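Here's the structure, in structure tokens; my notes come after.
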Amino acid sequence: MATKIYVVYYSMYGHVAKLAEEIKKGSSSVEGVEVKLWQVPETLPEEVLVKMGAPPKSDAPIISPNDLADADGILFGFPTRFGMMAAQFKAFLDATGGLWRTQALAGKPAGLFFSTGSQGGGQETTPLTAITQLAHHGMIFVPIGYTFGAGMFEMEKVKGGSPYGAGTYAGDGSRFPSELELEQAFHQGKYFASIAKKLKSSS
């Protein structure tokens with residue numbers, strides 16, 4: 001039976017969506033793994049999104065909390081708001097109380113990826129503060145560590161991401177993930193899928 005990976009994200013301007021697509025490609029490259037992209041529900045009214053200049057959402061389906069229980073492993077992605085996950089994603093996780101009560105997600109591997117506006121904007125604090133959500137659900141956090149190799153030590157070019165997971169810098173919104181950031185996202189997807197597959201086969 002295939003290992004089922006869910007890539008669940010929130011993206012207002014498309015930066016996290018780009019990472020999610022690349023992570024899906026990486027996970028799909030592992031034999032015996034099936035990957036599905038999901039978006040969490042938007043909480044802002046359409047008229048507010050228009051005023052904020054947000055582009056139309058992708059065609060990825062909207063996930064409900066109970067859908068999470070069907071996955072063998074889950075990668076969560078979100079932009080930062082003051083060094084923590086965006087409220088839209090937090091609202092979604094706040095609705096997972098039923099899964100928490102039954103510990104339906106306990107033992108499942110989980111990964112994190114993210115986007116921030118600047119180099120001091122939360123490439124470490126955003127995933128670090130998100131780990132509390134995983135801990136309460138009993139999930140197994142799978143960071144990428146330094147498995148991306150030389151790309152983790154890039155100093156000449158601006159590069160998002162950290163040992164916690166893949167990341168990008170959005171700047172004023174006009175900067176999108178660089179080739180190196182997309183390569184890191186692909187790596188995270190592939191690495192995470194291989195870990196999830198091993199965990200499933202050993203259970």
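In this text the structure is predicted, and so the values were computed from the model without any measurement.
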How would you list all residue pairs meeting salt bridge (Lys or Arg N to Asp or Glu O under 4.0 Å) that involve [range], not counting sequence neighbours?
range	value
residues 12-26	E22-K25
residues 75-96	K90-D94
residues 173-190	R175-E181

Taking only residues two or more places apart in sequence or in another chain, which ones pass ring-ring contact (aromatic ring centres under 6.0 Å, His included) with Y146?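 Listed in chain order: F153.
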Gap separating the [atom1] atom of [X] from the [atom2] atom of [Y], nearest 0.5 angstrom:
X	Y	atom1	atom2	value
Q188	T147	CD	OG1	8.5 Å
D172	S118	CG	OG	11.5 Å
S174	H15	OG	NE2	7.5 Å
L75	W38	CG	CH2	15.0 Å
L93	L134	CG	CG	8.5 Å
L182	H187	CG	NE2	14.5 Å

Among residues at least two apart in sequence or on other chains, which ones pass side chain to side chain donor-acceptor pair (under 3.5 Å) with [X]?
X	answer
S58	Y9, Q39
T43	none
S11	none
Q184	K159

Kindly determine whether L68 and H137 satisfy side chain to side chain contact (heavy atoms under 4.5 Å, CB included), including the steps that lead there. CA-CA 11 Å; L68 295 175; H137 276 290; over 6 Å; no
Return yes when atom CE of M152 has more than 12 non-hydrogen atoms of other residues, nucleotides or ligands closer than 6.0 Å, and no otherwise.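 Counting neighbours around CE of M152, more than 12 heavy atoms of other residues, nucleotides or ligands fall under 6.0 Å, so yes.
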Please determine whether side chain to side chain contact (heavy atoms under 4.5 Å, CB included) holds for the pair Y169 and Q123, giving the CA-CA distance in whole Å, both sets of side-chain angles, and the decisive distance to 0.1 Å. CA-CA 9 Å; Y169 293 116; Q123 292 284 317; 3.6 Å; yes
Under the rule for salt bridge (Lys or Arg N to Asp or Glu O under 4.0 Å), what residues qualify as partners of E124, not counting sequence neighbours?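 Here no residue qualifies.
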Where is the tightest heavy-atom contact between [X] and [Y], given as atom of each residue plus distance?
X	Y	value
T116	G122	CG2-C, 3.6 Å
A20	L37	O-CD2, 3.6 Å
G173	F176	O-CE1, 3.7 Å
P65	T96	CB-CG2, 4.0 Å
A185	L19	CB-O, 3.9 Å
S27	I5	OG-CG2, 4.3 Å

Show me the donor-acceptor pairs, under 3.5 Å and distance only, between side chains in residues 102-115 and residues at least two apart or in other chains.
{"unit_1": "T102", "atom_1": "OG1", "unit_2": "G98", "atom_2": "O", "d": "3.3"}
{"unit_1": "T102", "atom_1": "OG1", "unit_2": "L99", "atom_2": "O", "d": "3.3"}
{"unit_1": "Q103", "atom_1": "NE2", "unit_2": "W100", "atom_2": "O", "d": "2.9"}
{"unit_1": "Q103", "atom_1": "NE2", "unit_2": "H136", "atom_2": "O", "d": "3.3"}
{"unit_1": "K108", "atom_1": "NZ", "unit_2": "A69", "atom_2": "O", "d": "3.3"}
{"unit_1": "K108", "atom_1": "NZ", "unit_2": "A71", "atom_2": "O", "d": "2.5"}

4.5 Å side-chain heavy-atom contact, L180 and K157: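 Side chain of L180 against side chain of K157, heavy atoms only: no contact under 4.5 Å found.
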Does F141 reach the side chain of P127, with side-chain heavy atoms less than 4.5 Å apart?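 Result no, sub-4.5 Å side-chain heavy-atom pair not found.
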Going by the ring pair (Phe, Tyr, Trp, His ring centres under 6.0 Å) test, which pairs reach into residues 57-98, not counting sequence neighbours?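 Pairs touching residues 57-98 that pass the test: F76-F89, F78-F89.
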Got a sec, which pairs hit ring pair (Phe, Tyr, Trp, His ring centres under 6.0 Å) with one end in residues 50-69, sequence neighbours left out?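 For residues 50-69: none.
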Check whether T80 reaches the backbone of T126 with its side chain - one donor and one acceptor, N or O, closer than 3.5 Å.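 No, because the side chain of T80 does not come within donor-acceptor range (under 3.5 Å) of the backbone of T126.
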Donor-acceptor under 3.5 Å (E34 side chain, K36 main chain):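 A pair under 3.5 Å: no.
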Run through K198, K4, K200 and flag the one making a salt bridge (charged side-chain N to carboxylate O under 4.0 Å, His left out) with D72.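 Only match with D72 under salt bridge (charged side-chain N to carboxylate O under 4.0 Å, His left out): K200.
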hydrophobic_cluster_shared for V35 and I23, side chain cutoff 4.5 Å: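 Yes, one cluster joins them.
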